[in-house]
Amino acid sequence: MSDVLQFLADQPLMTLFIIIGLGMALGNIKVKGVGLGAAAVLFLAIGLAALGVAHGIEIAIPHIVGTLGLVLFAFAIGNNAGGTFFQSLRQATGPIVTMVLLFIVAATAAYFVGTRLFNMDVALVAGTFSGAVTNTPALAAASESSGDPGTATVGYAVAYLFGVIGMIIAANVALRNSAHDTDTPSPVGHETVRVDRDDLPTVGAIMQHTGSTVEFSRIRRGEQGPIWIPSSVEQLRHGDLVTVVGEHSDVQTVIDELGHRSSHSLREDRRLLDFRRITVSEPSHVGRTVKEMDEVLEERWGAKISRIRRGDQDMLAIPGLMMEMGDRARVVGPTSKLKEISAWLGDSSKGLTDINPVALGVGLGLGILLGTIKIPVPGGGHFALGAAAGVLIVGLIMGRLGRVGTVVTALPKTANLVISELGLLVFLAQAGTNAGGQIGEAFTGDSWWQILLLGMLVTSIMAVGLYIAMRRVFGMGGTRLSGVLAGSQTQPAVLAFANARTGSDPRVALGYALVYPVAMVAKILVAHVLGGL
């Protein structure tokens, strides 16, 4: 055994990839639908390093390797969340501000209880906070700001398990009280409507009067006439057939306003008007809104975008939605023009995997530079954001901008996911080997139960605080609340549990998506500040 461990110690690069490969193999094993995921890499690295220490051999991966993984991960997370992060702030200010305040309260409680009552090192407190909220990027930030990644990782490892279990318990309580939820979202669909009115209302007037967020995607005048895309000033005549797309409740409102549901289907007649999913891979379109895209499509080809598919999520093409590289747009337009429209949008799968080296390099460089700037604090002294926080902030801004002039600043979603996962796994492997020598001391001494209690305190503050605030203050249903709890914990295991219990109810996903981007960023920044105290 000693010979094998010594060989691994002499080959740190090989050891890095062995830990990543075997760790993810273990992380993919699920018990009742719950698995460790990437966290298994961390635990395997800790175990291997601890085993090495027991044989008098130091197994370690160079610190600079972990830093590289950290900044890659931070930039990709920020770049990917840029658009949704700021959008979430606008759409759900109350719940999100409440969640962020709870993070601050939990971190403050952890600091005073940990340092004053348990006499813990700040690095250990920050790591425990990160584990209690099951956020590995927060561990990365705490490790960097505290300057003691080994100690921070020990706290994370001990607190992590209850962080998952505790929030699953909270989600279960929320779901038990969800029988009378009234916030069930109406699914998106389409209907063909026969107009019964004689007063020639315009499309825009109908939408304004009903207050509905729908799309009028097709119109036909007569039984066999041509089909075209109506504009907002299009007048609707008695007997017209129109296709209305939107949430079922909104579509029904428009049907009641205009006439009655028709048995005809304008979508089936594709001789003159057709629809196609087209991949947005032309860099010049990245960062533009659906409204800006529709203006060009309507002027040139009499076409429009009706839906956007981003990753595995289908969305209505609302005017303010910003286009991202790799989006698949459903375009409705003249059948003879769809080839030209495809060429204009790019329609290349290469756009899905282009890592955009210019944006990546410039973003990482600017982020690391931002992290080195010393910021004065009252009373004298100063602090620096550090590489992780600096890169994260730059990534968020670049992701939100989409492009500056002709320079695309946003990476495709798929590229960001690949970069972030690789960076995270590299960091976890390095952090785990760094902490392996200290984990044994925590469990052989008295500190492990203190770490566990502190972690339970943090998790409980978040779970109980969110439950009370979302239910009592914002009147949120239990099903959506279970998604909010999973999103605030940025924990796929909690999301998987809620989906399994509800049959993948869409309200779970809505709650998760509502808070996830802000939760990810907020926990990183809070842990960074906590580690630097």
Name the residue from R220, R194, R221 that meets the salt bridge (Lys or Arg N to Asp or Glu O under 4.0 Å) definition with D240.
R221
List the atom of L485, the atom of S488, and the distance in Å for their closest heavy-atom pair.
O-OG, 2.9 Å
Is there a side-chain contact between L370 and I373 (heavy atoms, below 4.5 Å)?
yes
About how many Å separate CG of L525 and CD1 of I104, when rounded to the nearest 0.5 Å?
10.0 Å
Using a 4.5 Å cut-off on heavy atoms from C-beta on, say whether the side chain of L396 contacts that of V521.
yes
Where the side chain of R330 meets the backbone of F275, is there a donor-acceptor pair that is under 3.5 Å apart?
no
Is there a side-chain contact between V426 and F73, using heavy atoms and a 4.5 Å cut-off?
no
Shortest non-hydrogen contact from M462 toward A106:
SD-CB, 4.2 Å
Start with the C-alpha distance between E234 and F216, add both sets of side-chain angles, then the distance that settles side-chain contact (heavy atoms from CB on, under 4.5 Å), and finish with yes or no.
CA-CA 10 Å; E234 185 81 50; F216 285 73; over 6 Å; no
Nearest 0.5 Å, what's the CZ-CZ distance between R328 and R277?
6.5 Å
Distance (rounded to the nearest 0.5 Å) between L236 CG and D198 CG
12.0 Å
A side-chain contact here means heavy atoms from C-beta on lying under 4.5 Å apart; do V173 and R176 qualify?
no
What distance do K523 atom NZ and S130 atom OG have between them, rounded to the nearest 0.5 Å?
9.0 Å
With heavy-atom distances below 4.5 Å as the criterion, would you say the side chains of D274 and L338 are in contact?
yes
Considering all heavy atoms, the nearest V233-T202 contact
O-CG2, 3.9 Å
To the nearest 0.5 angstrom, please state how far the CG atom of L466 sits from the CD1 atom of I461.
11.5 Å
Are any of the side-chain heavy atoms of V133 and V458 separated by less than 4.5 Å?
yes
Which pair of non-hydrogen atoms, one from M398 and one from A359, has the smallest distance, and what is that distance?
CE-O, 3.5 Å
One should read off an interatomic distance between L360 CG and L72 CG, to the nearest 0.5 angstrom, of 6.5 Å
In this structure, are over 12 heavy atoms from other groups packed under 6.0 Å from R237 atom CZ?
no
Do Q489 and T459 make a side-chain contact, defined as non-hydrogen atoms from C-beta onward lying under 4.5 Å apart?
yes
Decide if atom CD of E421 counts as having more than 12 heavy atoms of other residues, nucleotides or ligands within a radius under 6.0 Å.
no
In I229, V242, V332, the residue satisfying side-chain contact (heavy atoms from CB on, under 4.5 Å) with R218 is V332
With no hydrogens and no angle check, is any side-chain donor or acceptor of T192 less than 3.5 Å from a backbone partner on T243?
no
Minimum heavy-atom distance I419-L411, with the two atoms named:
CD1-CD2, 3.7 Å
Do the non-hydrogen side-chain atoms of V358 and T409 ever get within less than 4.5 Å of each other?
no
Please test I341 against I278 for side-chain contact (heavy atoms from CB on, under 4.5 Å), starting from the C-alpha separation and ending with a verdict.
CA-CA 9 Å; I341 296 172; I278 304 174; 4.0 Å; yes
Can I get a per-line list of side-chain donor-acceptor pairs under 3.5 Å for residues 293-304, giving both atom names and the distance, sequence neighbours left out?
residue, atom, partner, partner atom, Å
D294, OD1, I305, N, 2.8
W301, NE1, E340, OE1, 2.9
K304, NZ, E215, OE1, 2.8

Side chain S232, main chain G204, donor-acceptor under 3.5 Å:
no
Give the intermediate values and the outcome of side-chain contact (heavy atoms from CB on, under 4.5 Å) for residues L401 and V404.
CA-CA 7 Å; L401 292 175; V404 177; 4.0 Å; yes
Would you confirm whether D327, through its side chain, and V280, through its main-chain N or O, come within 3.5 Å as a donor-acceptor pair?
no
Contacts of type side-chain contact (heavy atoms from CB on, under 4.5 Å), residue E257, not counting sequence neighbours:
R197, I206, H209, T210
Evaluate side-chain contact (heavy atoms from CB on, under 4.5 Å) for L273 paired with W228, printing each intermediate quantity in order.
CA-CA 7 Å; L273 200 66; W228 70 94; 5.6 Å; no
Side-chain donor-acceptor contact under 3.5 Å, H238 with D196
no
Any donor-acceptor pair under 3.5 Å from N28 side chain to M24 backbone:
yes
Residues V526 and F103: closest non-hydrogen pair is CG1-O, 4.1 Å
